[in-house]
Every structure is written in structure tokens, then in C-alpha cells.
Amino acid sequence: MTDISNKIPLSFFEDKDVLALARSLLGKSIFTVIDGKLTGGIITETEAYAGIIDKASHAYGGRRTKRTETMYKPGGYSYVYFTYGMHHLFNIVTSRKDDPQAILIRGIVPTEGLDIQLERRNYIKNKFHIANGPAKVCQALGITLEQNNIPLSGDVIWLQNGELNTEKNIITCPRVGVDYAGEDALLPYRFILSHPDYKSAKNPLI
DNA sequence: TACACGATTTACT
DNA sequence: GTAAATCGTGTAT
């Protein structure tokens with residue numbers, strides 16, 4: 001069950017090295033309490049978005065709009081946005097205030113509130129498909145725009161340290177769906193944790 | 001105001 | 001494998 005003493009503090013996300021941070025999130029647990037329901041899982045896939053010099057980032061070139069304003073918050077805030085007219089994507093803002101770096105959570109292995117996650121996912125039959133994609137993660141955990149721009153240290157969304165040794169089980173590869181970013185689309189900013197209960201939807205190696 | 005498109009998922013040919 | 005779903009956002013007019 002949840003151990004509140006194990007909650008990861010906001011200061012953890014103020015690290016300026018978003019790549020190291022994205023890698024270190026693998027194996028950690030994420031929990032949400034939304035609509036009064038506790039759900040959670042082990043983070044198994046992340047992508048780093050490296051601030052104003054990253055052509056794949058919404059904040060490229062220092063773009064600052066109503067949507068991206070959240071990315072300029074201090075590390076530890078949530079950045080949730082809506083895309084394709086139907087999907088929500090959840091990010092963790094990192095680094096310091098006004099340095100808009102973020103980590104997209106692309107996949108989890110559900111561990112808490114599995115029945116609730118299945119209900120939200122329309123009782124999908126293949127257990128590997130419950131949360132193996134960034135929009136599926138949001139759907140399974142109940143995350144919508146209502147959870148945008150909140151600190152990840154409260155009782156709505158938070159992270160906890162895991163017990164897995166992930167060091168030798170991480171695959172690094174290019175990010176997904178960022179062809180518009182030109183040469184930056186090839187950067188190895190995506191991290192996947194090998195886990196017996198996880199199959200990445202967008203990687204043939206796993 | 002108008003338009004093109006997206007850090008995706010799902011169903012279907 | 002391909003295409004539809006579906007609308008907020010960013011940028012141009």
C-alpha cells in the first residue's frame with residue numbers, strides 16, 4: 001500500500017539534467033487519487049524534452065503561451081495537455097523556474113487499483129495494453145486537464161521510490177511522433193525499462 | 001476569424 | 001498495413 005513517508009519531494013525534480021532524471025524515473029511508482037479512487041503503477045517508459053533548444057519541445061525557442069506556461073514552473077509540477085481532439089498526455093516539469101524542461105510519462109505497469117484502471121480503459125482484454133502509451137497512462141490513472149499545473153507532492157498525484165534495480169535493464173532510443181523536430185527527432189531521449197509485465201507499443205525490441 | 005496540424009489510439013481493409 | 005476520430009492550440013490573415 002501507499003507509504004506516505006516514501007513520497008518523492010519536489011526538490012528531486014529540480015535537477016537540471018532532464019536526461020538523467022528521465023532515466024532515473026524508471027522503476028519508480030506513480031499514484032493518483034482522482035474521483036476518490038486510488039490508482040498507481042511502476043513507470044516503465046519516459047521521454048525527455050530538453051527545454052528551449054529542443055525542437056521537439058512545446059517550449060522550443062522559448063515559446064511561452066497559455067498552454068506552455070506550465071512548463072516554466074519549477075520542477076515537480078504537472079504539465080498535462082490535450083491533443084488529437086481526444087487524448088491527454090502527462091508530463092513532469094523539471095529543472096528550475098523559467099527553464100521549461102519536462103518528462104513525458106509514456107508507460108506504466110499497473111499495480112494499484114487495477115480494477116479501476118481496467119474500468120477506465122473500457123475493460124481492454126490484453127493486460128499489456130492497459131497503460132503502454134502516454135494517452136493510455138492518463139486514461140488509466142484518470143488524469144485530465146483538471147490535474148494540469150499542480151505540484152506532485154500533494155494527495156492527487158505523487159511519486160514514490162521503487163525497489164527495482166533498473167541500472168542494467170534500460171533501453172535508450174529516439175522519441176516517438178516528433179518527426180516535425182528535424183534532426184532532434186533522432187536524439188536518444190527515450191528510456192524504456194525491461195519488465196516482464198510491460199510491452200512498449202512503439203518499440204519492436206521489447 | 002481562418003486554417004493546418006498534433007509528444008495518439010483504435011478499428012478496419 | 002492504413003485511416004478515421006476529433007478539437008484545442010499556434011500562427012497567419
Side-chain angles (χ1 to χ4, degrees), chain A residues 13 18-19 21-23 25-26 30 39 41 43-73 75 77-95 99-110 117-149 152 157 171-193 198-204 206:
Chain A
F13 302 105
V18 69
L19 295 175
L21 209 44
R23 172 182 282 263
L25 289 186
L26 297 177
I30 181 172
T39 51
I43 295 172
T44 47
E45 187 169 339
T46 62
E47 275 179 4
Y49 286 83
I52 65 174
I53 62 168
D54 183 353
K55 291 180 180 173
S57 172
H58 292 162
Y60 173 62
R63 182 191 289 123
R64 193 160 183 160
T65 64
K66 185 177 179 182
R67 178 177 66 159
T68 64
E69 185 61 29
T70 308
M71 296 186 76
Y72 292 79
K73 288 273 190 161
Y77 274 72
S78 67
Y79 170 48
V80 182
Y81 70 93
F82 184 66
T83 190
Y84 290 103
M86 65 193 90
H87 297 307
H88 297 278
L89 275 70
F90 170 75
N91 301 255
I92 298 174
V93 175
T94 70
S95 191
D99 181 14
Q101 311 205 41
I103 298 169
L104 174 67
I105 304 301
R106 291 194 59 89
I108 67 170
V109 170
Q117 296 190 52
L118 280 171
E119 180 182 18
R120 288 173 174 153
R121 291 282 295 129
N122 203 24
Y123 298 104
I124 186 168
K125 291 191 172 74
N126 188 330
K127 71 173 186 177
F128 291 105
H129 294 182
I130 298 172
N132 64 334
K136 297 177 190 177
V137 169
C138 285
Q139 194 182 351
L141 296 180
I143 297 172
T144 69
L145 284 176
E146 290 185 22
Q147 286 78 40
N148 181 41
N149 198 11
L152 303 178
I157 307 176
I171 292 170
T172 304
C173 54
R175 293 172 293 188
V176 177
V178 294
D179 290 346
Y180 58 83
E183 69 272 20
D184 284 2
L186 302 176
L187 295 170
Y189 284 4
R190 177 167 167 234
F191 305 96
I192 306 172
L193 175 65
Y198 189 72
K199 301 286 184 189
S200 174
K202 292 287 180 66
N203 192 318
I206 297 184

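Sequence lines set the chain letters: A, B, ... in the order given, protein chains first and strands last, and positions in each chain run from 1.
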Item to complete: Sticking with atom P, work out how far B/dA2 lies from C/dT6, rounded to a whole angstrom.
Response: 23 Å
Worksheet item: salt bridge (Lys or Arg N to Asp or Glu O under 4.0 Å) with A/Glu69: which residues, sequence neighbours excluded?
Response: A/Arg64
Discussion item. Which residues pass the side-chain hydrogen bond (donor to acceptor under 3.5 Å, both in side chains) test with A/Tyr77, not counting sequence neighbours?
Written reply: none
Discussion item. Work out how far the C1' atom of B/dA7 is from that of C/dG1, and round it to whole angstrom.
Written reply: 23 Å
Worksheet, complete the sentence: The complete set of side chain to side chain donor-acceptor pair (under 3.5 Å) pairs with one or both residues in residues 53-63 of chain A, sequence neighbours excluded, reads A/Asp54-A/Arg175, A/Lys55-A/Glu183, A/His58-A/Tyr79
Fill in: Partner residues of A/Gln117 under the side-chain hydrogen bond (donor to acceptor under 3.5 Å, both in side chains) criterion, sequence neighbours left out
none
Worksheet, complete the sentence: Residues at least two apart in sequence or cross-chain that pass salt bridge (Lys or Arg N to Asp or Glu O under 4.0 Å) with A/Arg121, listed by chain then number, are none
Worksheet item: What residue pairs, at least two apart or across chains, pass salt bridge (Lys or Arg N to Asp or Glu O under 4.0 Å) with a residue in residues 129-148 of chain A?
Response: none
Practice prompt. List for me each residue that meets ring-ring contact (aromatic ring centres under 6.0 Å, His included) alongside A/His87, sequence neighbours excluded, and say none if there are none.
Written response: none
Worksheet item: Quick one: are A/Val178 and A/Tyr189 in side-chain contact, heavy atoms under 4.5 Å?
Response: no
Response to the item:
Output row for DNA chain C, stems defined as at least 3 consecutive Watson-Crick or G-U pairs under 3.5 Å, is B:1-6 with C:7-12, B:8-12 with C:1-5
Worksheet item: Sequence neighbours excluded, which residues qualify as side chain to side chain contact (heavy atoms under 4.5 Å, CB included) partners of A/Asn126?
Response: A/Phe128, A/His129
Worksheet item: Listed by chain and number, what are the side-chain hydrogen bond (donor to acceptor under 3.5 Å, both in side chains) partners of A/Ser95, not counting sequence neighbours?
Response: A/Asp99
Mind listing the N/O atom pairs, protein and nucleotides 4-10 of chain B, below 3.5 Å?
{"from": "B/dG6", "atom 1": "N2", "to": "A/Tyr84", "atom 2": "N", "distance (Å)": "3.2"}
{"from": "B/dA7", "atom 1": "OP1", "to": "A/His58", "atom 2": "NE2", "distance (Å)": "2.7"}
{"from": "B/dA7", "atom 1": "OP2", "to": "A/Tyr180", "atom 2": "OH", "distance (Å)": "2.8"}
{"from": "B/dA7", "atom 1": "N9", "to": "A/Tyr81", "atom 2": "OH", "distance (Å)": "3.1"}
{"from": "B/dA7", "atom 1": "N7", "to": "A/His58", "atom 2": "NE2", "distance (Å)": "2.9"}
{"from": "B/dA7", "atom 1": "N1", "to": "A/Asn91", "atom 2": "OD1", "distance (Å)": "2.6"}
{"from": "B/dT8", "atom 1": "OP1", "to": "A/Arg106", "atom 2": "NH1", "distance (Å)": "3.2"}
{"from": "B/dT8", "atom 1": "O2", "to": "A/His87", "atom 2": "NE2", "distance (Å)": "2.8"}
{"from": "B/dT9", "atom 1": "OP1", "to": "A/Pro134", "atom 2": "N", "distance (Å)": "3.2"}
{"from": "B/dT9", "atom 1": "OP1", "to": "A/Ala135", "atom 2": "N", "distance (Å)": "3.0"}
{"from": "B/dT9", "atom 1": "OP1", "to": "A/Lys136", "atom 2": "N", "distance (Å)": "3.3"}
{"from": "B/dT9", "atom 1": "O4'", "to": "A/His87", "atom 2": "NE2", "distance (Å)": "3.2"}
{"from": "B/dT10", "atom 1": "OP1", "to": "A/Arg121", "atom 2": "NH1", "distance (Å)": "2.8"}
{"from": "B/dT10", "atom 1": "OP1", "to": "A/Arg121", "atom 2": "NH2", "distance (Å)": "3.2"}

Discussion item. What range of DNA chain C does chain A touch, first nucleotide to last, counting atoms under 4.0 Å from its heavy atoms?
Written reply: C/dA5 to C/dT11
